[in-house]
Amino acid sequence: MATTETFYEVMRRQGITRRSFLKYCSLTATALGLEPIFASKIAHAMETKPRTPVLWLHGLECTCCSESFIRSAHPLVSDVVLSMISLDYDDTLMASAGHQAEAILGEIREKYKGNYILAVEGNPPLNQDGMSCIIGGRPFVDQLKEVAADCKAVISWGSCASWGCVQAAHPNPTQATPVHKVITDKPIIKVPGCPPIAEVMTGVITYMLTFDRIPELDRQGRPKMFYGQRIHDKCYRRPHFDAGQYVEDWDDEGARKGYCLYKMGCKGPTTYNACSTVRWNNGVSFPIQSGHGCIGCSEDGFWDKGSFYHHVTTTHGFGIEANADKVGIAAAGTVGAAITAHAAASAIQRIKQRSGEHHEENDKA
Amino acid sequence: MSGSDQIPVSIESSASCSGKPRDYGNARAVLGQIRHALERLIASGEETRIDLNAMPFGPGDLEHLTNCLGTGEVQASVEALGPTRIQETAIPGVWLVDYLNAENQRLTLHIEIANVPQILCPQPQDLALAIDRLDARLDGTPAPNTPPLSS
Amino acid sequence: MYSGVPTVKRTAVYVYQAPVRIWHWVNALAITTLTISGYLIANPLPTLSGEASDHYLMGDIRFFHFAAAYIFMVGFLFRIYWAFVGNSYSHQLFTLPFWRRRFWSELVHELRWYAFLEKEPRKYVGHNPLAHLFMVVIITVGGLVMIVTGMALYSEQTGLGSWQDKLFGWVIPLVGQSQDVRMWHHWGMWVLVVFVMLHVYTAIREDIMSRQSLISTMISGWRMFKDDRP
């Protein structure tokens, strides 16, 4: 079985040279934000540790996570990671199909009980007995629960698995449910984003294999090294935000000069991701760099936070669309008018009372 | 008359936004780090690597740093996972290692303080197989696990 | 403690001790600064031209917001402390006589007074029941909500592991995500704006129409009664 081999042995067998390997380790250390000295640590781990079996399940999803993953900075990097893990089951990438493929799941579960990593792309729908997502003739939620029962840890790829994403958007007819609400007894690493950045995905896997532990997570279960800061904190347009220079219209002077997109509804200040540092497509660019605000795709329920072009959430449920400012101004105006009216009424009453008292006094006299 | 010539067009030169770097503060700090690393290399042989991509360099910092280090005699290139270009600086023992991908885009830039950068040295694991490999060539039979890139 | 109609005839009572009065005006200033700067953070001023390095407008606005927020918070903590060591009126802000029947009957009376259904208001040494209810709900509970949501948002820039994050970071996942916290913090501002409008109006109106002093009381500390009837 391939999983008894170390990653390095597999790499050599595939014809990857020692120097390529060292370069990969250097780049990985950089991607993980580690000191270059860690490159040798990573190299050592890969030379000595047997490959970790990974089962990659697909629920309700669009495969954008897989698409992102196989487009890591260098095509070889994803190859390297793919050979580093023993990707024993991935219904999008694997050659086997049908019963043969499904048999692998049972085999891995038995052979590597408690030792394999479960990567989940997409999420299970729970309504209608889970019928909205059928894998191998059975609801996906059943497959997920079965495979998760014996795994070491779960990686929730993308916003679907982490939060629910578009299929869980209001009113969520299929009751698509993020993985952590279905699997509650295993450590879960959320790697949100729609899709997550390729380097973030390979980085998380490499870290887990190198250091034999899951990366440090924040309160919401996301790796701190990639989701510890907001887009806004490391945005190269941040100086324009602080200076008070904003794009006011898509074709104005500010847009051409690359001013801050805050007024155009950029969700950078509320979105935790590594886009502004790692960037996309081999570090070429990211949404804000190409002139469009962040839409907050790695945040919980980003489809239900109103327009992508307003940073104050639109509140539904008042019959009409309204946001805090509109309602606030209306309320302040109404109260102001009411105060004026009340003040006038008070004054009139007081005058009446005064004259009444005056009359009483006159009568007494 | 298209009217397009009435649209005012102003071309801004990219140099206008570069500004004047203030004392190249970060480059100077890295140069200090290199000095300490050199002392360690001489005293104990300990090698050091500095990831320049992780440095918060301002405009002009990197140029100032590389200008200060100068250019030495050795230039090398490694073809593995895309090219890697190695340049000796005018300071012996200080190397610039530029990791590129297959499209010649920089992945990261390291400064390595060592006798020879690690990636240039023959690898111990490869050396272990060296005699077998040469013997196989002398016998005229290809070795069973020859990496294609180094054949 | 809630104080109702004084049984003894008196013309002046020392109600607001000096620290409470200072706190009131500092708080008023802080809330005004917070509201204006907060509104400008959510709805920035028109774009400035020129180099980014020439300006720091948003940075300054945010500085005022954070500085005023710290003053507001320190004031809040001080006010809690003063509730323990101050006079009996000083804990009105933190206690609501919810189970006292008289409180509610007087509240109804006060509402009827504002609706022009009562000819004469009653006398109160401390807050009248309506004001008391509003103070507790808006200043104490509302202030606490604004502090907690505000500090949670502030912790986003001080970063993971900062004391702000350790103390208030849990708020963000509790509410949903960062944007939701932002939205509630923003709603809170409008609640405070409406409250301040009502507060200023009723203070002026009561000063004129009621049987006791209000505005001067918050300056001198003495509650003056305009007549000797109970």
**OP:** Determine the option with the most heavy-atom pairs under 4.5 angstrom with chain A, choosing from C:L153, C:I172, C:D54, C:V194.
**Re:** C:V194
Original post:
Which one of C:G159, C:G176, C:G169 has the most heavy-atom pairs closer than 4.5 Å to chain A?
Top reply: C:G169
Which atoms of [X] approach chain A - backbone, side chain, both or neither, heavy atom under 4.5 Å:
X: C:I208; result: both
X: C:L48; result: both
X: C:I204; result: neither
X: C:Y114; result: both
X: C:D60; result: neither
X: C:W184; result: neither

Examine distances only and state if a side-chain atom of [X] and a backbone atom of [Y] form a donor-acceptor pair shorter than 3.5 Å.
X: A:Y262; Y: C:I41; answer: yes
X: A:K263; Y: C:P44; answer: yes
X: C:T47; Y: A:Y246; answer: yes
X: A:K257; Y: C:E51; answer: no

Take a 6.0 Å sphere around [atom1] of [X] and say whether it holds more than 12 heavy atoms from other residues, nucleotides or ligands.
X: A:K234; atom1: NZ; answer: no
X: C:F64; atom1: CZ; answer: no
X: C:F134; atom1: CZ; answer: no
X: A:K224; atom1: NZ; answer: yes
X: A:Y236; atom1: OH; answer: yes

State, to 0.1 Å, how close [X] and [Y] come at their nearest heavy-atom pair, and which atoms those are.
X: A:A332; Y: C:V193; value: CB-CG1, 4.3 Å
X: A:A243; Y: C:A52; value: CB-O, 3.4 Å
X: A:A345; Y: C:F116; value: CB-CZ, 3.2 Å

For the candidates [options], which exhibits the highest count of non-hydrogen atom pairs separated by less than 4.5 Å from chain C?
options: A:D252, A:T334, A:V247, A:V335; result: A:V335
options: A:S346, A:G228, A:P239; result: A:S346
options: A:G254, A:A343, A:C260; result: A:A343

Original post:
Is there side-chain contact between C:R182 and A:P269, with heavy atoms separated by less than 4.5 Å?
Top reply: yes
Original post:
Under a 4.5 Å cut-off applied to non-hydrogen side-chain atoms, are A:Q349 and C:M209 in contact?
Top reply: yes
Could you state the interatomic distance from [atom1] ([X]) to [atom2] ([Y]), rounded to the nearest 0.5 Å?
X: A:I339; Y: C:T202; atom1: CD1; atom2: OG1; result: 8.0 Å
X: C:R62; Y: A:D242; atom1: CZ; atom2: CG; result: 6.0 Å
X: C:L160; Y: A:D218; atom1: CG; atom2: CG; result: 6.0 Å
X: A:Q245; Y: C:L57; atom1: CD; atom2: CG; result: 10.0 Å
X: A:D233; Y: C:Q157; atom1: CG; atom2: CD; result: 7.5 Å

With a 4.5 angstrom heavy-atom cut-off, which part of [X] approaches chain C: side chain, backbone, both or neither?
X: A:A338; answer: neither
X: A:R237; answer: neither
X: A:E299; answer: both

**OP:** Return the orientation label for the C:Y201 and A:H342 ring planes: parallel under 30°, perpendicular over 60°, tilted otherwise.
**Re:** perpendicular
**OP:** For the residue pair C:Q177 and A:Y272, confirm or rule out a side-chain donor-acceptor distance under 3.5 Å.
**Re:** no
Original post:
Can you list the steps and then say if C:Q179 with A:K267 is a side chain to side chain contact (heavy atoms under 4.5 Å, CB included)?
Top reply: CA-CA 8 Å; C:Q179 202 186 336; A:K267 302 290 195 298; 3.5 Å; yes
Original post:
How far apart are the C-alpha atoms of C:L174 and A:R219, what are their side-chain angles, what is the distance that settles it, and do they pass the side chain to side chain contact (heavy atoms under 4.5 Å, CB included) test?
Top reply: CA-CA 10 Å; C:L174 183 79; A:R219 281 190 193 80; over 6 Å; no
